[in-house]
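These notes concern the structure reproduced below.
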Amino acid sequence: MSGSSIDLSPGGVRNTITWTDNQSSVGTVTYTIKRNTSNSLVGAIVLQSSIASGTQRWNDDTATPFTTYYYFIEATNGVETAVTAGYELRTTENKYALTKNYKNTHFANLVFNPVTESFDEV
């Protein structure tokens, strides 16, 4: 399993989870995506269930910027169920939602610089 987080300017962030679809010879495999803010299935919420076999990517558009999530993929063939280890993914910030406007009429766009971990005016 792997993942990435991108800015959806304007309007939020998207975490994308990808995995390898190992189709079972016993029954039809379906997937369930779960998410938690701790590396535990206890308290994890179901984001999507009954994802068809052959799918290898899922987008989480409900993620909150600057939040670390743990994603779990549960695969079942109707008889057996297997769950992956948690995949840690820190959500990017919605960098384009920020403007500098404190008691003045001048608006400036800010862009996050990951090298300096600060905002630069553009």
Side-chain angles (χ1 to χ4, degrees):
M1 179 175 14
S2 64
S4 63
S5 184
I6 62 169
D7 175 60
L8 294 177
S9 60
V13 295
R14 169 180 289 158
N15 288 349
T16 300
I17 304 300
T18 58
W19 64 92
T20 301
D21 180 25
N22 291 323
Q23 296 183 359
S24 171
S25 61
V26 181
T28 302
V29 175
T30 60
Y31 298 99
T32 298
I33 306 289
K34 296 181 179 183
R35 181 183 78 189
N36 204 347
T37 53
S38 64
N39 192 5
S40 173
L41 279 169
V42 176
I45 61 168
V46 174
L47 297 175
Q48 180 75 44
S49 61
S50 300
I51 299 171
S53 181
T55 304
Q56 297 184 53
R57 164 174 278 175
W58 190 81
N59 293 324
D60 179 5
D61 293 335
T62 65
T64 301
F66 290 115
T67 303
T68 299
Y69 292 110
Y70 295 86
Y71 289 89
F72 303 89
I73 298 177
E74 182 179 273
T76 184
N77 63 7
V79 177
E80 299 172 316
T81 299
V83 180
T84 64
Y87 180 80
E88 181 179 330
L89 181 59
R90 178 161 170 81
T91 303
T92 189
E93 80 286 353
N94 183 9
K95 59 187 172 227
Y96 297 102
L98 301 173
T99 59
K100 190 181 353 177
N101 181 25
Y102 183 71
K103 296 185 179 180
N104 68 32
T105 57
H106 175 353
F107 290 87
N109 290 327
L110 301 177
V111 175
F112 186 74
N113 182 337
V115 174
T116 62
E117 295 188 353
S118 63
F119 289 93
D120 297 332
E121 191 171 331
V122 281

Q: Write down the atom of A44, the atom of N36, and the distance for their closest heavy-atom approach.
A: N-ND2, 3.4 Å
Q. Can you check side-chain contact (heavy atoms from CB on, under 4.5 Å) on T32 and V46, steps first, answer last?
A. CA-CA 7 Å; T32 298; V46 174; 3.8 Å; yes
Q: To the nearest 0.5 angstrom, please state how far the CD1 atom of I6 sits from the CZ atom of R14.
A: 5.5 Å
Q: Group every Ile, Leu, Val, Met, Phe, Trp and Tyr by side-chain heavy-atom contacts under 4.5 Å, then state whether M1 and L47 land in the same group.
A: yes
(Q) Just checking W19 against Y31, ring centres under 6.0 Å apart? (A) yes
Q.
Under 4.5 Å between side-chain heavy atoms, counting indirect links through other Ile/Leu/Val/Met/Phe/Trp/Tyr residues: same cluster for V29 and F72 or not?
A. no
Q. Can K34 and V83 be said to form a side-chain contact (heavy atoms from CB on, under 4.5 Å), step by step?
A. CA-CA 10 Å; K34 296 181 179 183; V83 180; 5.9 Å; no
Q: Mind listing the closest non-hydrogen atom pair of T64 and V13 along with its distance?
A: C-CG2, 4.4 Å
Q. Any idea which heavy atoms bring T91 and A63 closest together, and the distance?
A. OG1-CB, 3.9 Å
Q) For T76, what residues pass the side-chain contact (heavy atoms from CB on, under 4.5 Å) criterion, not counting sequence neighbours? A) T30, T81
Q: Measure across R57 and T16 and return the closest heavy-atom pair with its distance rounded to 0.1 Å.
A: NE-CG2, 3.5 Å
Q.
If you define the side chain from C-beta out and look only at heavy atoms, does anything of R35 sit under 4.5 Å from T62?
A. yes
**Q.** Residue pair S2 / T18, side-chain donor-acceptor N/O under 3.5 Å
**A.** yes
Q) Checking N77 side chain against V79 main chain: does a donor-acceptor pair fall under 3.5 Å? A) yes
Q: Taking side-chain contact (heavy atoms from CB on, under 4.5 Å) as the test, write out the residues that go with E88, two or more places apart.
A: T68, Y70
Q: Tell me yes or no: between the side chains of Y69 and D60, is some donor less than 3.5 Å from an acceptor?
A: no
**Q.** Pair Y87-I73, side-chain contact (heavy atoms from CB on, under 4.5 Å): steps then yes or no
**A.** CA-CA 9 Å; Y87 180 80; I73 298 177; over 6 Å; no
Q. Do you know which two heavy atoms are closest between N15 and S5, and how far apart they sit?
A. OD1-OG, 2.8 Å
